[in-house]
Visitor: 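So that we are looking at the same thing, I have put the structure below in C-alpha cells.
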2 protein chains.
Amino acid sequence: MQRTKQPTMKDVAKLAGVTQPTVSNVVNGSESVSAEVRERVLKAIEELGYVPNALAKGLKQQRTNTVGLIIPDIESGFYGEIAKGVEKTLRASGYITFLCNTFYNPDLEKVYLNALIQQNVAGIIVAYPLVNKKIYANFNKFNIPLVVLDDKVEDESFTIPSVELNNISGSRLAVEHLYRTGAKRICFASEPLFSRALQLRYEGFRQAMEKFELEVDEQLILIENNQYDKIKMGYNLGAQILLNDAVDAIYASSDNLAFGIMKRLQEYGIKIPEDIIVIGYDDVPLSELISPTLTTVSQPKYQMAKKGSEILIKMMNKEENETTEVMYEPSLIIRQSSIKAVKVNS
Amino acid sequence: MQRTKQPTMKDVAKLAGVTQPTVSNVVNGSESVSAEVRERVLKAIEELGYVPNALAKGLKQQRTNTVGLIIPDIESGFYGEIAKGVEKTLRASGYITFLCNTFYNPDLEKVYLNALIQQNVAGIIVAYPLVNKKIYANFNKFNIPLVVLDDKVEDESFTIPSVELNNISGSRLAVEHLYRTGAKRICFASEPLFSRALQLRYEGFRQAMEKFELEVDEQLILIENNQYDKIKMGYNLGAQILLNDAVDAIYASSDNLAFGIMKRLQEYGIKIPEDIIVIGYDDVPLSELISPTLTTVSQPKYQMAKKGSEILIKMMNKEENETTEVMYEPSLIIRQSSIKAVKVNS
DNA sequence: CTGAAAGCGCTTACAG
DNA sequence: CTGAAAGCGCTTACAG
C-alpha cells in the first residue's frame, strides 16, 4: 500500500512552466491569467491528475467546506429523512457533511463537538435537543455558525437560529380529528418530555382537549420516565393501556411509539380502528406501510432539513446576520388507523 | 459573527513560557517532557481553551482521521443500520465519518469520490455496488484504503477487501423453507440484477429449486428492468403477480420489495400467508412491525458494517496488507408471512 | 530534556 | 498579466 505521492500545485507549475501561485489562480479563477497560460496549466493538471488539497486550502483560508450534522439515531425513519435533506442541500452548495450519531449520549455529544471544532467545520446543524445543554454555550464560545432543528434554544446571552414545527397546532389537529370521530376517552402516550417539542405537544394536547370540551382523564396520560427504544416503549405503554377499559382513542407523541402500541394491542386481539383509534406523530415512511396504515401528524421533515441547511449556508457565507426563527405548520394525514368502516346508507 | 481568533500552540507556548514544539510534545505525548513543564503547558491549554487544529496536523502528517462512507440511500432501513455500524466502529477508533449519499447517481458518486480525495480521507467504505464501475480504478490510482460491503470487485489489476453475505445460501434457506411449507408454484420477484449480490440470489434460487426438485415456471420469474423506489416497484410487481393464478409463494429479493408486494396483494383481499406465502430478504427493522410480520433472510448488517470498518482501520494503520475477503452466512427469520395456521389434532 | 529550523500545500497581498 | 515572499498551525528530525 505504498501511497504514491500526490502531485501538488508545485508539480503542475513545473510541468506548465509557470509559478505555483499562477496555478492557484487558474484553479480558483481568482486573478486573471492569459488564455495561453491557463490552457498550459489546465493541460498539466489533466496530465498529472492533480487534485487540490482541501486541508492546505482550509488551513490557509481559515475556512473549510465541511459541516457537522449532529443527530441521535440515523437508523430511525425520522432522522434518516432529515439527514438526507441536510446532506443533499449542503452538497448542492459544495459542502460535505460529517455524520455525528450520538445515540442521545451526552458524552458522545461532547466528543463530537470537539472533533468538529478540531476539523474547523464551517458550520453545524443540530437536529434534536441535545441532552447536554452546556454544549450550546460552547458553540457560542467558538463562534461556529449553528442551526438547530426541532428545538429552540433560549438563553439570555445568545440566540440560535432554529427551524421548528408548530407542535401546539399539531396536537390541535390530532385532538380535533379524534373529536370528530366521536372519541371521548382519549389517551395521551409519550416518551419522556425531555424536549421543548414534546412539552409543546403535551401542552397542545391539553389546550385542545379543553377547547373541544373533552375531559382529560389523568389515568390516561401515560408519559414514560426513561428514554429508550421508542418501539419497545410503545409496546410497554400498550400493556398499560390494556389495563384501562373504555379507551376510545390513543394519541401517541411519535409514530414509532404508536407502532409499538399497535403491536401490543393487536397481539391482544384489539382491532384498530374498530375498537381503538390510534394517531401518531411524524409521518415516518413506515406509517403508510404498517397495517392498518397510521393516521399521523405530518412534519415536513425534508423541507425543515432543507430550510435549516439554507439558513446555515447563508450564515457560513456571512450573507445574513440576523437570527432567524422559522416555524412550519404540521398537517394531518388521515389513514386507516382512525377511520372506522363507513356505513353506507342506501 | 466576528470569529474570535482561536488560540494556537504558539499562544499556549507563550503563556506557559516554553516553545511551541514543546506544546506539541505535551499534546501528543510524542517526546518526553518534564512533569513540571507538562503541568504548566496543560494549565495554559485549559486556560486558553486551546483545541488542536486537525487541518494543520493532517497537512503536516499527510494523514487525517477522516473516512468517507459512500451509500445510496441513508433513509432506507438497510443502509441506516450499515451507517450506524460504520460510524460507531470508526468513531471508537478516533475516526470521523463523511456521509456521502449518492441516490445511486453515478455523477454524484464521482463528485463524492473527488471531494473525499480533496479532503485527504484516510480511507473509504463503499456500502453498495457503485453504479459507476470506473470509480474503483480511481481508488486504486489514488491508493486510498478501501473496503467494499455487499459486493466484490473483481479486476485482474487489483483486488479490494470485501465483506459480503453468502447469497447463494440465502436463497437456499428461503427455498428450503418454502419447500417445507409445501409450496410448489414459487414466484421470484426482484429489482434489476444490477449487483453481484442480486445475481447470486437469483442463481441461488435456481440452484435451490433444482435441488428440491421444484419446477421453475419462467412466467413466475419477475425481474424489473429499471431501478426505482423498491416499495413502489414491489407494488407494481404485485399487480403482475395478481395476473397469475395459482401462485403458492413469493420470494422477494429484498424486504422493501416484499412490503410493496404485500400491500398490493392485501388490497386485493389476498390473505398472507393463508393464500400466498411471502419471504423477503435483509431483515430490515420494519419487517417485524408490518402485519403480517415478514419471514426473511437475515443479513448480519451491523456485524458486516463493523467487520468492514475494522478491516479498513487495520489498512489505515498499515497493520495488515493482505487483501481480505470475508463472507457472512445468512439466517432465516421465520415470521407470520410464511406460517399457515397450525391445525391442532386432538 | 529543551529549542531552533524546515516544511506540509496552499492563498494572498504586493512588486514588477 | 506574472513572479517572489510570507504565513496558515502544526510535526518532526536534529542540535544542544
Visitor: If a pair means Watson-Crick or G-U wobble with both distances below 3.5 Å, what does DNA chain C look like in dot-bracket form, with | marking bases paired to a different strand?
Guide: |||.||||||||.|||

Visitor: For A:Q61 and D:dG9, give me the distance from atom CD to atom C1', rounded to whole Å.
Guide: 15 Å

Visitor: Could you tell me how far apart B:N120 (CG) and D:dG9 (C1') are, to the nearest whole angstrom?
Guide: 16 Å

Visitor: Atom CZ of B:R38 and atom P of C:dT2: how far apart are they, to the nearest Å?
Guide: 10 Å

Visitor: With a cut-off of less than 4.0 Å, is there a side-chain N or O of B:S34 near OP1 or OP2 of C:dT2?
Guide: yes

Visitor: Are the side chain of A:R63 and the backbone N or O of A:M316 linked by a donor-acceptor pair below 3.5 Å?
Guide: yes

Visitor: Quick one: do the A:N28 and A:K57 side chains pair a donor with an acceptor below 3.5 Å?
Guide: yes

Visitor: What parts of residues 19-26 of chain B reach DNA chain C, counting only heavy atoms under 4.0 Å away?
Guide: B:T19, B:P21, B:T22

Visitor: What's the CZ-C1' distance between B:R63 and C:dC8, to the nearest Å?
Guide: 16 Å

Visitor: Just how far, in rounded Å, is C1' of C:dG3 from NZ of B:K14?
Guide: 17 Å

Visitor: Using a strict 4.0 Å threshold on nitrogen-to-oxygen distance, state whether B:E310 and B:K314 make a salt bridge.
Guide: no

Visitor: Does any donor atom in the side chain of B:N114 or B:Q118 lie under 3.5 Å from an acceptor atom in the other side chain?
Guide: yes

Visitor: If you compare every side-chain N and O of B:Q62 against the phosphate oxygens of C:dG9 (OP1, OP2), does one of them come in below 4.0 Å?
Guide: yes

Visitor: Taking the cut-offs as 6.0 angstrom to the six-membered ring centre and 45 degrees off its axis, would you call B:K141 and B:Y136 a cation-pi pair?
Guide: no

Visitor: Looking at C:dG7, does its base get a donor-acceptor pair with the side chain of B:K60 below 3.5 Å?
Guide: yes

Visitor: DNA chain C: A:T8 or B:V18, which has the more 5' nearest nucleotide?
Guide: B:V18

Visitor: Answer yes or no: is there a donor N or O on one side and an acceptor on the other, between the side chain of B:R196 and the main chain of B:D151, under 3.5 Å?
Guide: no

Visitor: Knowing that exactly one of A:V148, A:I144, A:L312 qualifies, which makes a side chain to side chain contact (heavy atoms under 4.5 Å, CB included) with A:I124?
Guide: A:I144

Visitor: Does D:dT11 have OP1 or OP2 under 4.0 Å away from a side-chain N or O of B:N28?
Guide: yes

Visitor: Do the side chain of A:K318 and the main chain of A:M315 share a donor and acceptor less than 3.5 angstrom apart?
Guide: no

Visitor: Are B:Y128 and B:Y104, when compared by the centres of their aromatic rings, separated by less than 6.0 Å?
Guide: yes

Visitor: Calculate the interatomic distance between B:L55 atom CG and D:dG7 atom C1'; express it in whole Å.
Guide: 15 Å

Visitor: In this structure, how many angstroms lie between the P atom of C:dC10 and the CD atom of B:Q119, rounded?
Guide: 13 Å

Visitor: Provide, to the nearest angstrom, the distance between the CD1 atom belonging to B:I45 and the C1' atom belonging to D:dC10.
Guide: 13 Å

